[in-house]
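Remember, predicted model here, so these are calculated numbers, not experimental data. Below, chain A is the first sequence line, B the second, and so on; all start at residue 1.
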There are 2 protein chains.
Amino acid sequence: MHMIKLHFMNQRLDHIFSALADPTRRQILMMLLEDDMAVTDVAEPFEMSLAAISKHLGVLCVAGLITQERRGRVKWCKLEPDATQSAWTWMQGFGQFETLDLDGLETYIETILKDN
Amino acid sequence: MHMIKLHFMNQRLDHIFSALADPTRRQILMMLLEDDMAVTDVAEPFEMSLAAISKHLGVLCVAGLITQERRGRVKWCKLEPDATQSAWTWMQGFGQFETLDLDGLETYIETILKDN
DNA sequence: CAGACATTCAACCATTTGGTTGACCATTTA
DNA sequence: TAAATGGTCAACCAAATGGTTGAATGTCTG
């Protein structure tokens, strides 16, 4: 039972990390950070075929990093940032907490304190 | 100049994420979390050849996630957790900061405050 | 020195990956 | 209805990946 869960989790991590391992796909994610986009628009800044981008989007979908919803003839791509949770958690478990970007942490804490 | 740096960074992320994309390699990293190990000992729990493990260790080395130091006939493998910094930072930039384990963050901050 | 041990190298193999192209399907618009 | 648009599919290709085996290299030990 736990074995199954672990296996599942492992596959999930496989998908997420290998999706993140490609610069094109990372760039796509960054683009989607600003807004949802149609497949053609995602493809526009890249110097490769639409089909190639379509495949990349498929990989991101399988990893759960994005979702796609078809409305009419255009397919909208939407970021699913929560999907990185597993990867994030794994990296924490890898003992990385103390190497967290301390500058970023500092400003973050300051923002919190200001709000109180 | 910035382009070069970005390219460099991008390659680094490629290496790190694709190193993390393999379950065997992730398991190796977890093992090394406990202590430094010789190549043979790393290989022991796995059902694959020593040569295969040797290759995996090579990948982890290139990604900078571990270092290897030869002493006599044995080569010691040592974790380099700081290497995940880039990946960690990238994921932060990907907008994940709010999903960070806030409990862990809290205890972390408390530890800092105690020390002052 | 001879043998055992730790590790890598080299050649090979099957599978996956990242890309191409051209045909195809569905939807919108003139 | 005809043409344009948005996107995928299928077949193909080159290169990378993850594994194997057997030989080779360097180091310790009896």
Let me know the distance between [atom1] of [X] and [atom2] of [N], rounded to the nearest Å.
X	N	atom1	atom2	result
A:D14	D:dT17	CG	C1'	13 Å
B:Q27	D:dG18	CD	C1'	16 Å
B:R71	C:dT7	CZ	P	12 Å
A:E44	D:dT5	CD	C1'	16 Å
A:M37	D:dG6	CE	P	13 Å
A:L50	C:dG18	CG	P	17 Å
B:Q11	D:dA16	CD	P	13 Å
A:K55	D:dT8	NZ	C1'	11 Å

Using OP1 and OP2 only, check whether a side-chain N or O of [X] sits under 4.0 Å from [N].
X	N	result
B:R70	C:dA6	no
B:S54	C:dT7	no
B:S49	D:dG19	no
B:K75	C:dT8	yes

| message | A side-chain contact here means heavy atoms from C-beta on lying under 4.5 Å apart; do B:T24 and B:I53 qualify? | response | yes

| field | Side-chain heavy atoms of A:H56 within contact of A:F46, under 4.5 Å | value |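 Contact flag for A:H56/A:F46 side chains = no.
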
| query | Among B:D36, B:L60, B:V39, B:I28, whose side-chain contact (heavy atoms from CB on, under 4.5 Å) with B:C77 holds? | reply |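 Of B:D36, B:L60, B:V39, B:I28, side-chain contact (heavy atoms from CB on, under 4.5 Å) with B:C77 is met by B:V39 alone.
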
| said: Using a 4.0 Å heavy-atom cut-off, does B:A38 contact any base of the nucleic acid, only the sugar-phosphate backbone, or nothing at all? | reply: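 If one applies the 4.0 Å heavy-atom cut-off, B:A38 turns out to touch the sugar-phosphate alone, with no base involved.
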
| Heavy atoms under 4.0 Å, any strand shown: does B:R25 hit a base, just sugar-phosphate, or nothing? |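 Touches sugar-phosphate only.
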
| What nucleotide among C:dT8, C:dG18, C:dT21 has an atom nearest to a side-chain atom of A:A51? |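 My answer, after comparing the listed nucleotides, is C:dT21.
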
| said: So if I take every side-chain heavy atom of B:H56 and compare against C:dT20, D:dT20, D:dG18, which nucleotide ends up nearest? | reply: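 Between C:dT20, D:dT20, D:dG18, the one nearest the side chain of B:H56 would be D:dG18.
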
| said: At less than 3.5 Å, do the side-chain atoms of B:R73 and the base atoms of C:dT7 form a donor-acceptor pair? | reply: no

| task | Can you measure from CG (B:L29) to CH2 (A:W90) and round to the nearest 0.5 angstrom? | result |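 Going from CG on B:L29 over to CH2 on A:W90, the span is 5.0 Å.
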
| request: On DNA chain D, check which nucleotide each of B:V59 and A:V39 is closest to and give me the residue with the more 5' one. | output: A:V39

| When the ring planes of B:W88 and A:W88 are compared, do they come out parallel, tilted or perpendicular, using 30° and 60° as the limits? | parallel

